[in-house]
Structures are given as structure tokens and as C-alpha cells.
Amino acid sequence: MAVIRFKALEQVYNRKPLHVTPPSDKTSDYYAINVFDKVKMQRYLSRDAFNHVMEAIEKGTPIDRRKADAVASGMKVWAIERGATHYTHWFQPLTGGTAEKHDAFIQPTEFGGVVESFSSSALAQQEPDASSFPSGGIRNTFEARGYTAWDPSSPAFIIDNTLSIPTVFISYTGDALDHKTPLLKALNVVDKAATEVCQYFDKNVTKVQANLGWEQEYFLIDEALYYARPDLALTGRTLMGHASAKDQQLDDHYFGSIPERVTAFMHDLESEAYKLGIPVTTRHNEVAPNQYELAPVFEECNLAVDHNVLLMDLMKKISRHHGFRVLFHEKPFQAINGTGKHNNWSLSTDTGVILHKPGKNPKSNLQFLTFVVNTIKTVYDHQDLLRASIASASNAHRLGANEAPPAILSCFLGTEVSAMLDQLEEQVTSKRMTPDEKTALKLDIGKIPEILLDNTDRNRTSPFAFTGNRFEFRAVGGSCNPATPMTILNAAVAGQLRQFKKDVEKLVDGGVKKDEAIFQVLREYIIASKAIRFEGDNYSDAWKKEAEKRGLTNVTDVPEALSAYLTEKSRKLFSDLGIFTESELEGRVEVMFEQYTKKIQIEARVLGDLSLNHIVPTAVKYQNRLMKNVLGLKEIYGEDYKGLAGNRIELIKDISDHVTAIKTGVNEMVEARKVANKMTDEKAKARAYSKTIAPFLSSIRYHIDKLELIVDDEIWPLPKYRELLFSS
Ligand code: ADP
Ligand code: MG
């Protein structure tokens, strides 16, 4: 077995960076060349069809069949000019990742030969055989009809000769089977609710858009080593491996110079991303060795989500051209930093104002405070749901671990905004403020500096931090589709803004002036949600105790965290806002439980196989060598051998102990699986996997990692951490 490891290492040492010549054009010359964006639509569509699509994008109005015909033929002409031969509806099923089924443009003619054809029905709606996508029982397999429908708000694009049309994926009964449908609904309700609140401050606002700027962290691992690690290849993370003597202690990787091979990969990736209109700007080394980050400029949330999943796909493909494999798993390596996907989120108006950015005067700052306070109140009221939105088997390694720990939700605001909220709380004491009090308060509100982007004021341990003009939801995991946390956050904020409006209106109806009513409601919210505000170290044990005192919840178990979707409060939120029907919600959560179970099950199987087929035989082989050595000493030195072979005898015993522990552990784990597998209720099964099987993953690993330090390096079968992490 060790042969494979050494062959893999040899390949790594012989690798040369692939020299990528970046396109000679200026980025702006080829940016979005493969996207059927507004510029191309204007060129390829009649004015009438163009206006119609614009209206559909801006107002969400349905597209008329005849106009869709015009759009389809314009899109076809453009796509064929760009070399496309096929088209596909591109969607995001609940499996994670994206799905596509390609069809050629060609259609045979009655005279023989073919013509390129693409009809409005092919653009607007398709019916993939959907029986193998998870739906949580919503759609029975014998009735496998689900269909995809065009989402005109995200532009079509060409990848590898295929025109890809972003679509939603729904069952014939209208239930959402994907990530995009509920996201679009949430974005729509937050638009409506926020626009109404904006009306208090500016009558010109007619639309509010949610923005998302994601930061994607990832690891690059040499492909040869990746193949030599079945655990990485099958589960996306290492299930074993002793810590490397050096890893990230010296912080010498963070922002360090990027290795040549990696730079070539990044060049390649960026030019492909630019062709697809994904505005990536930032790239740098992250904290852990072989860890990197990439971030685009923020965009409208639905588009940003599409761009994130599209880019993750691109990264998987392009990394392989460079002999790498990209890892998005939240914790591919034990004891070094994991992989997050910070979601920078804000709301902005069609008048060009970012609602989470301090304004220039008291009035715009009151609007800013309104949105900040309502966001904080949302996080407080829906801490459990927000946690659920980021919970998964892989992000569990960050839940409760020392990485933007999402097990306890809290909001960091920074000194300026905190001080402002404290003042609001103190000043609005009576129902009616004196004119002097009002002036004083307005002066204070006016003082909020427009730019708060003070890097020293950042709190990198906070799961939900205000960063000057946005909130950064840092608990989101690296491998997930950000549609889920974005759906929940935007929906919950929408619910909160509706409530805010009701509360203000109630006071106004009772004769309180509008501004004062806003102050009073904000004050109430500030007091009610105070417990969620935390400026300190979220990693400290002191915070755990403090959070408990404050009554905040702390849930590290994934199935338990996911259960928050099904509480009365959550159900009411989703049905009031029309995000999920009862059956959609239950189906979806069932898929989540099922996926949790399957992920742990696969890890358990892989660990069992590796333990019994790779690790135990290797350890026994080495133990036999030691025994031979001891017997040899005995032959030469007679009874004196004990003094000479002392520590080897100990080693023989240690190996026996570890091997026994591993074998017993694997047996017990298999038995626990048998019990869990009999359960029919998905939640109970997920619970059983979490409580009775997942713990074996670390207890068995402990003994394997000890053996790695004992056994001769020459025969150790799997590439070690130092090799995986320090070769690029
Ligand atoms: P850092 O690593 O310091 O948190 P980055 O520059 O890597 O920041 O990423 C910040 C992300 O936040 C970028 O995608 C950026 O475009 C985005 N962003 C900036 N302002 C806003 C905003 N108002 N709303 C949403 N996202 C924003
Ligand atoms: Mg960030």
C-alpha cells in the first residue's frame, strides 16, 4: 500500500506549474462575453420583447408566450454565434450542487438534414425526469413529474458549448424541489416589506433589493495525493491523520505570496469567471496551509447565489487542469482552520441607498438605525432558525468549534453603533419627548460617521457581525448552497419589518407622531433584543456561560439544530410569508435529516474500511518486525535482551492496544449502524447517527493517529498531513 503513497508523492515532486497565458484582452473587453445580459438582450431582441423582459425582471411579472418566442429566437441566434450547440435548464436541486440535462438545438427537417431550433417552450419550461432527486416524499417516484421553469432575473450563460438557462425546479403540484424557488419568494417578500418601511423616510423608494457578497474559502490538494486518500475522495475530508509538526502556528501562510501553481489556477479560474460575468476581485492565501479565499463584488442576492454555485463548479473543473482537487468541506483537516463562506448581506433601494450604511443626516441615519435594529431583532427572535439554516453534517465541525461558532448566535455591532443604540435606549424614556430631547437625539443620530469601515473594530469571532455597511453572516459553511441561509435571513427580516410597520402604525393611530413612534418602537426592540448583542470573544468559555445566563440557545447537535425549522414559530413565519407550505417544509427538512444520516453513514463505512484494510494490517506488519527484532536480541543476548529491547516491548504492547481499540470500535460502530438503520423516522435515524455513530469517528481516529506516529514511515499507507498540506 505504501507504494501508492510514494508514487503519489513522486508525482507531486515532478509537477511543473502549468503556464497559463491570461487572455491578452483587457478584462473589460471580454467580461460577460458568455452571458446573455441586458446589453446582449438589447442587441438581439426587438424593443418590444426587450422591454417586456426588463419588466419581468424588475417587477416579477410573467412573460407572455409570444414575447417568450421572440426572446428564445434572439437568445438562440446569440448562443449559436458564440458556438453553442446545446442548451440546458440549469437548476439547484436539494442534493446540493447543480443539475443540468443537455439537449441539442438541432431538429430534423422533413427533407433530411437538420435546422437549429429553440422554441419558447424549450426556453420557458422543461420536464426533466426528476425521480432521482430528493424531495422528502413530496413527489412519489411513480409520479416523477417535476418541471423546470425559466428565471429571467438571472441571465442565461454559455459554458462549454451549452446555453444554460437558470431555472426553478418544482413538482407538478407546485411544490418547490430546489433552492432557488424559496429564495426568490423570500427576496420578493423582503422587497415588499422593506419598501413599505422605506416609505417612512423617502417616498421615492419603490423597490428594495437584498445584496449578497460571499467570500469563498477553499483548500487545494494535489490530485495524486487526493487519490491516495480514499477518505478525501469519498467524504471530502480526512477521517484520520496526525497533526503535522508545523501547520498554521506561525501564521506564515495568511496573505503570504501565492505559490506559482496556485497562481496559474487562479488566473485560469478568474478569466473563466469573467467570461461568465462573475465579478471576482479578491484572492489571497488563508490561515491554514494550502487554504485560499476568493470573493467577488457583491451583487443582487439571487444572482450572487447563482454565481457562487456556478463558480464552485468551475473551481472543481479548473483545479483538475492544474493537477489539483479543490475542497469545500467545512473541516477537511482536524485541528487547523476550516472552510467558511461568509455571507455579506445588506438591503439597498432603487434610489441607490444601502440601508445598512450610515447616512449623511439625521433622517437617513434614522432609516439606517431602523434597518440595523430590525436586523438585530430578527437575529434575536430567529436565532434557532438561522442556526438551522447553516447546520449540516459537514458544518457540524464548525458548530461549537472555534470558528465563527454558530452554535450560539450573537451580533457584533462595534463601538459606534452600540453607543448609538445605548443612547436611543436611554433617551426615549417617556411617551412624549420634550423638544430639547428630540433635538439632542437628532444631533446624536446625525453624528454617526458615514464610513464605519474601521478594520480594528472588526470582531472575527462573531457569527453575525456588522461591518460598516452590511452584516456578515460568518457561520455559513464553505460547501453549502448560500441560497438556504439567504432564504431564511431575508424571510425572517421581512417578517420582522412587517411587524415593525404594524407596531409603528399602532402608535400613530393612537396619536403619536410618526418619527416619535419610530423611536419608541426601535427603543422597545433595542431593549427586547439586547441579549443577542455581544462584542467580546465568541470563542471563550466565559461567553458560553454568559450566553446561557442571557437565555440564548446553544445547540451543537445537527439534527437538533435542524429541528428548529419545524417549531410552531418557524411554521408560522413560513406560512405567513408564503415561503414554504407545510408539505414543502416537512419534505425539505426530511431531506436534510436524510442527508445528515447518509453523510455520517458514508464516513463511518469509509473509516471502517480504512481501519480494517489499511491501518490494522500495516500496524500488525510493523509489530511483527518489532517482535522479530526482540526475538533476535533474545537469541544473541539471552536473558539480557530485556534491558536492550525494553522500549520495543512497550511498543509491541502499545500497538496491540491500539489495534484492539480500533477493531472493537469498528465492530461497535457497525452494530450501532444496524440499530439506527432499522429506524423509519428520518429524524430519529439522524439523531441516532449523531448520538451513537458519529462519536466513533473521533474515538477510532484517535488510535489510528497514535499508530501513525509509531509505525515505520516507509510502510504507512496514506499520505500524511504534512504531505497533503505542504505540497503545491
Ligand atoms: P473581508 O475579508 O474583510 O471580510 P472581503 O473584501 O474579502 O472582506 O469581502 C467582502 C465582501 O463583502 C465582498 O464580496 C464585498 O463586495 C461585499 N460587500 C461590501 N459591501 C457590501 C454590502 N453593502 N452588502 C453586501 N456585501 C457587501
Ligand atoms: Mg469577511
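Just follow the structure's listing: the first ligand is 1, and inside any ligand the first atom is 1. Every heavy atom of this structure was used, including side-chain atoms; hydrogens, water molecules and symmetry mates were not. Along the sequence shown, residues carry numbers from 1.
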Next item on the list: Measure from NZ or CZ of R261 to the centre of the six-membered ring of F324, then state whether that distance is under 6.0 Å and the direction lies within 45° of the axis.
Entry: yes
Quiz prompt | Derivation of the ring pair (Phe, Tyr, Trp, His ring centres under 6.0 Å) call for Y721 and F333 | solution = CA-CA 8 Å; Y721 268 28; F333 302 98; 5.2 Å; yes
Task: Derivation and outcome, ring pair (Phe, Tyr, Trp, His ring centres under 6.0 Å), residues F473 and W345 - done: CA-CA 7 Å; F473 192 8; W345 168 88; 9.5 Å; no
Under 4.0 Å from one or more heavy atoms of V297, ligand 1 contributes atoms 16 (O)
With heavy atoms and a 4.0 Å threshold, my read on which part of I354 contacts ligand 1 is side chain
Review point. For T282 and ligand 1, does the shortest N/O to N/O distance drop below 3.5 Å?
Key: no
Next on the checklist: So for ligand 1, is A295 a polar contact partner (N or O within less than 3.5 Å, distance only)?
Outcome noted: no
Any side-chain heavy-atom pair of Q199 and K203 under 4.5 Å:
yes
dist L421:CG -> Y525:OH (nearest 0.5 Å) comes out at 14.5 Å
S346, any N or O under 3.5 Å of ligand 1 N or O
yes
For G213, the ligand 1 atoms with a heavy-atom partner under 4.0 Å come out as 14 (O), 26 (N)
Among C301, P296, P279, the residue with a heavy atom nearest to atom 13 (C) of ligand 1 is P296
E270 with R283: basic N within carboxylate O range, under 4.0 Å: yes
query = Can E293 be said to touch ligand 1, with heavy atoms closer than 4.0 Å?
reply = yes
Nitrogen or oxygen atoms of N469 and ligand 1 under 3.5 Å apart: yes
Could you check whether any side-chain heavy atom of E299 comes within less than 4.5 Å of a side-chain heavy atom of H307, counting everything from C-beta outward? yes
Short version for E472: what comes under 4.0 Å of ligand 1, heavy atoms counted, is side chain
